[in-house]
Amino acid sequence: MDILKITTVEMHTAGEPLRIVTSGLPVIAGNTILEKIRYLRENHDDIRKLIMLEPRGHSDMFGVYLIDADIPGAEFGCIFIHNEGYSTMCGHAVISLGRYAIDYGIIQQPTSPETRVLMQCPCGPVEAFVEYKDGRTGNVRFKSVPSFLYMKDVSVELPDIGEVFVDICYGGAFYAFIEDYKLGMSLKTSSVKDLTNGAAMITESLKKSLKLTHPDSSDLAFLYGTIIVNSLEEDEMATLCVFADRQVDRSPCGSGCSARMAQLFSKGLVKINEARTIRGAVGSKFVARVVEQTKYGHHDAVIVEVSGKGHYLGKSVFTNEDDDVIGKGFLLR
Ligand SMILES: O=C(O)[C@H]1NCC[C@@H]1O
């Protein structure tokens with residue numbers, strides 16, 4: 001590996017980390033963002049492991065490579081990385097990146113009270129609006145790609161629990177959704193370890209039995225994770241997203257909020273423009289609302305707007321010595 005130095009800006013959105021790589025990447029071959037992801041997976045997955053896994057990261061680390069966009073109007077493209085590979089959408093990253101794009105001069109003439117930043121995510125264009133006042137960036141709201149309920153009441157057989165039913169929904173990534181009580185658990189009182197195991201069992205089982213299709217590309221047609229939600233009878237919506245290799249989102253999961261709102265809308269449980277606050281694993285919140293109805297392929301879909309705020313944590317300079325094999329990345333659980 002001929003990596004000498006990788007520099008990053010470190011942020012978090014609602015507790016979920018975002019390691020933004022600012023220099024040190026090789027030339028990434030490919031004409032489209034999806035081709036670039038394939039190229040990275042096949043040729044430079046060592047870089048992802050180096051900065052996501054231990055000892056520089058951990059099993060729940062998340063990051064992004066910024067690339068030139070290949071669609072008109074987008075300021076940049078985002079290649080999201082995590083403990084297992086590359087994701088198709090990441091709302092918490094978009095929220096932090098909205099601030100970063102202005103604060104680090106990608107957008108040179110920001111406007112008040114909001115600046116529009118169009119980002120190309122692997123799932124498609126995502127439009128962010130960044131609060132900007134007196135030279136300072138603030139909250140970010142984004143409108144994601146069309147989100148939809150893909151399949152309802154899919155049966156999953158779980159060891160020790162038995163048969164449960166999940167809905168599969170898309171919000172730039174595919175998730176299985178299940179209420180906590182159906183697993184005999186509670187988002188309020190069960191341990192994160194038990195919830196994670198329950199969610200991961202669902203994802204693993206569905207990956208073996210369910211073939212997903214996506215209107216645009218087979219590269220986007222895979223189950224990213226399972227989201228455990230609370231009952232709608234509770235005062236506030238709550239969620240815990242377990243994605244990639246048992247990675248636990250600290251935030252309420254932006255793409256999961258889009259998918260959840262699409263699920264609720266298609267069942268008549270939220271109305272257009274009705275704002276819902278969604279609490280994540282560490283108590284932080286996003287606000288989401290359906291803003292438009294649309295079609296995506298043959299799916300009845302909606303555009304969901306999600307808002308939250310990202311914060312800066314610092315900067316890193318990562319190196320790797322030639323004789324440091326362990327330092328190339330590992331996970332201990
Ligand atoms: O906010 C989101 O959409 C993301 N957070 C980590 C997992 C998802 O990609």
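Just so you know, ligand 1 is whichever comes first in the structure, and atom 1 is the first atom listed for that ligand.
- Regarding atom 2 (C) of ligand 1, its nearest protein heavy-atom neighbour is G91 N, 3.2 Å.
- When hydrogens are left out, the protein atom nearest atom 4 (C) of ligand 1 is C90 SG, 3.3 Å; that is the closest non-hydrogen contact.
- Between Y175 and Y224, a ring centre-to-centre spacing shorter than 6.0 Å is recorded.
- The closest non-hydrogen atom to atom 9 (O) of ligand 1, taken over Y224, F80, F286, comes from Y224.
- In summary, the side chains of T189 and S186 do present a donor paired with an acceptor at a separation below 3.5 Å, with no hydrogens or angles considered.
- Pairing each heavy atom of N83 with each of R333, the nearest pair is ND2-NH2, 3.2 Å.
- For ligand 1, the polar-atom distance check finds no N/O of G256 at less than 3.5 Å from any of the ligand's N/O atoms.
- The cluster map of Ile, Leu, Val, Met, Phe, Trp and Tyr, joined by side-chain heavy atoms under 4.5 Å apart, puts V317 and M11 in different clusters.
- A heavy-atom separation below 4.0 Å is found between C253 and ligand 1.
- Heavy-atom proximity to E16, at under 4.0 Å, picks out these atoms of ligand 1: 6 (C).
- The distance from ligand 1 to the heavy atoms of F243 drops below 4.0 Å at these ligand atoms: 6 (C), 7 (C).
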*Report the C-alpha distance between H92 and F62 in whole Å, list the side-chain angles of each, state the deciding distance to 0.1 Å, and finish with yes or no for ring pair (Phe, Tyr, Trp, His ring centres under 6.0 Å).*
CA-CA 10 Å; H92 92 269; F62 202 98; 4.9 Å; yes
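- At a 3.5 angstrom cut-off on N or O pairs, S255 counts as close to ligand 1.
- Residue, atom and distance of the protein heavy atom nearest to atom 6 (C) of ligand 1 are D249 OD2, 3.1 Å.
- Those atoms of ligand 1 that come under 4.0 Å of a heavy atom in G254, given as number and element, are 1 (O), 2 (C), 3 (O).
- Annotation: Y150 is in aromatic contact with F174 [ring centroid separation under 6.0 Å].
- By the 4.0 Å N-to-carboxylate-O rule, E274 lies close enough to R276 to be salt-bridged with it.
- Ring centroid separation for the pair F148 and Y170 comes in under the 6.0 Å cut-off.
- In the vicinity of Y175, heavy-atom distances shorter than 4.0 Å reach the ligand 1 atoms 8 (C).
- Residue contacts with ligand 1 for Q247 are absent, since no atom lies close enough (heavy atoms, distance under 4.0 Å).
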